[in-house]
Asks: 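Before I ask anything, let me first share the structure, which is written out below as structure tokens.
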Amino acid sequence: GPEPDTGPNPYAGVSCSTPPPKGASLADDPPPYSNGTCPVLKAGYNDLKSGADQRRFLLIVPENPQPNEVFPVIFMWHWLAGSPEEFLEAGELQRGADTQRVIAVLPAGKGDLPLFPDLPFPWPILDTHSDARREEDYRYFDDMLACGAEPFAGNGDCVSGVGISAGALFTAQLAVARSQYLSSFASLSGGIGSDRFEGAAANRNVRRWSTPEHRLPAFVLWGGPEDICVLINFEVASEDLEQHLTADGHLVVECVHNCGHAVPPVEAGDELSRYAVIWRFLLDHPFWLPPGQSPYRATGLPDSPMDWCAIGAGQATMRSGVCEGPGCPS
């Protein structure tokens, strides 16, 4: 990959705990809740009426919150045939919330437009989904943000999204539709639709990219040329996402492993959760950073076992080594 910038970086050491500088562009306040007065929320599962629909989400909060402690908020969108509980377990999210001091919000997919019998997409990610259906889940995000962030001391300038597979395809669309609230996002085996098939014609059925209002740093990860599932080539989809992000002036951190559409082969740490490197990327990029800027610009990526990551599209060296096994469909 390219050498990191050698000049002075005014954003070196910045994170979500850094106070924004005077005159910085801040995130918009959450929109009003769509059904009047927010329900009282708790750690664990919550029911929330969003628009006309009754929805559920899992809320993970750090243990032993301290007085005046403010938490970054990460929305985590699960994969095809997945669930918030499975994301919680696979991502070691309670441990992550406790050690990295974040709130995790895990929405449950509505599920419609089956790709195969009994296998509906949980999120509106296809061109065949109506605008009204997409707005349902955008409003669902709005309502969770409006009702969950304030009572749990969420940091409005550090609200990010992360998705896996189908959830990652939706996260990219949410980044476009709700960039005024999101500080960064992570796409784990996701991407966008295109007409560049290369063995996966279903990519043309996934919704395309549109330039968002706010430029937000993106962590884009996939499993190499074998990352194909339910007829979607996630390498093509991820590369297409990177091309648009780069053209629009967003910062991109690229990670490419060799395990196909499977659990990213990240080694577990002794103290932090397994995917702490990904969560740290989100926590190191508050909303108010100018377009394309990053604390990593001068120093490069933080030390981590993920040496198959690099700053910039096309800059990562694909991982080699043992894999845990296939993960499709997910």
Asks: Can you list every pair that meets side-chain hydrogen bond (donor to acceptor under 3.5 Å, both in side chains) and has a residue in residues 210-228, with sequence neighbours left out?
Replies: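 Passing the test, one end in residues 210-228: S189-D227, T211-D248, W222-E235, D227-H261.
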Asks: Using the salt bridge (charged side-chain N to carboxylate O under 4.0 Å, His left out) criterion, which residues pair with D284? Sequence neighbours excluded.
Replies: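 Checked D284 against salt bridge (charged side-chain N to carboxylate O under 4.0 Å, His left out); matches are R280.
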Asks: Taking only residues two or more places apart in sequence or in another chain, which ones pass salt bridge (charged side-chain N to carboxylate O under 4.0 Å, His left out) with D137?
Replies: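 Here the qualifying residues are R55, R133.
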Asks: What are the two closest non-hydrogen atoms of S183 and L216, and how far apart are they?
Replies: O-CB, 3.6 Å
Asks: Who pairs with D131 by side chain to side chain donor-acceptor pair (under 3.5 Å), at least two apart in sequence or on another chain?
Replies: R134
Asks: Please test F71 against V102 for side-chain contact (heavy atoms from CB on, under 4.5 Å), starting from the C-alpha separation and ending with a verdict.
Replies: CA-CA 5 Å; F71 302 107; V102 302; 5.7 Å; no
Asks: Please evaluate residues V220 and L245 with respect to the criterion side-chain contact (heavy atoms from CB on, under 4.5 Å), reporting the C-alpha separation (whole Å), side-chain torsions for both, the decisive distance (0.1 Å), and the verdict.
Replies: CA-CA 10 Å; V220 183; L245 288 167; 4.1 Å; yes
Asks: Of the non-hydrogen atoms in F219 and C255, which two are nearest, and what is the gap between them?
Replies: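 Scanning both residues completely, I find the closest heavy atoms to be CZ-SG, 3.3 Å.
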Asks: Give me each pair satisfying side-chain hydrogen bond (donor to acceptor under 3.5 Å, both in side chains) with a member in residues 21-40, each pair once, sequence neighbours excluded.
Replies: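 Qualifying pairs: S34-D143.
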Asks: With rounding to the nearest 0.5 Å, note down the distance linking SG in C158 to CD1 in I103.
Replies: 11.0 Å
Asks: My understanding is that a hydrophobic cluster links ILVMFWY residues whose side chain heavy atoms are under 4.5 Å apart, including indirect links. Using that, what else belongs to the cluster containing L289?
Replies: Y11, V14, L26, W288
Asks: May I ask you to check whether S294 and H285 show a side-chain donor-acceptor distance below 3.5 Å?
Replies: yes
Asks: Measure the shortest side-chain to side-chain distance between P217 and F281 over non-hydrogen atoms and say whether it is less than 4.5 angstrom.
Replies: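 Yes. Closest side-chain heavy atoms under 4.5 Å.
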Asks: What orientation do F141 and W77 show, parallel under 30°, tilted 30 to 60°, or perpendicular over 60°?
Replies: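 F141 vs W77 ring planes: tilted.
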Asks: Mind checking whether F87 and W79 have parallel, tilted or perpendicular rings, split at 30° and 60°?
Replies: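 Answer is tilted, since the angle falls between 30° and 60°.
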Asks: Quick check: do N258 and C323 have side-chain heavy atoms less than 4.5 Å from each other?
Replies: yes
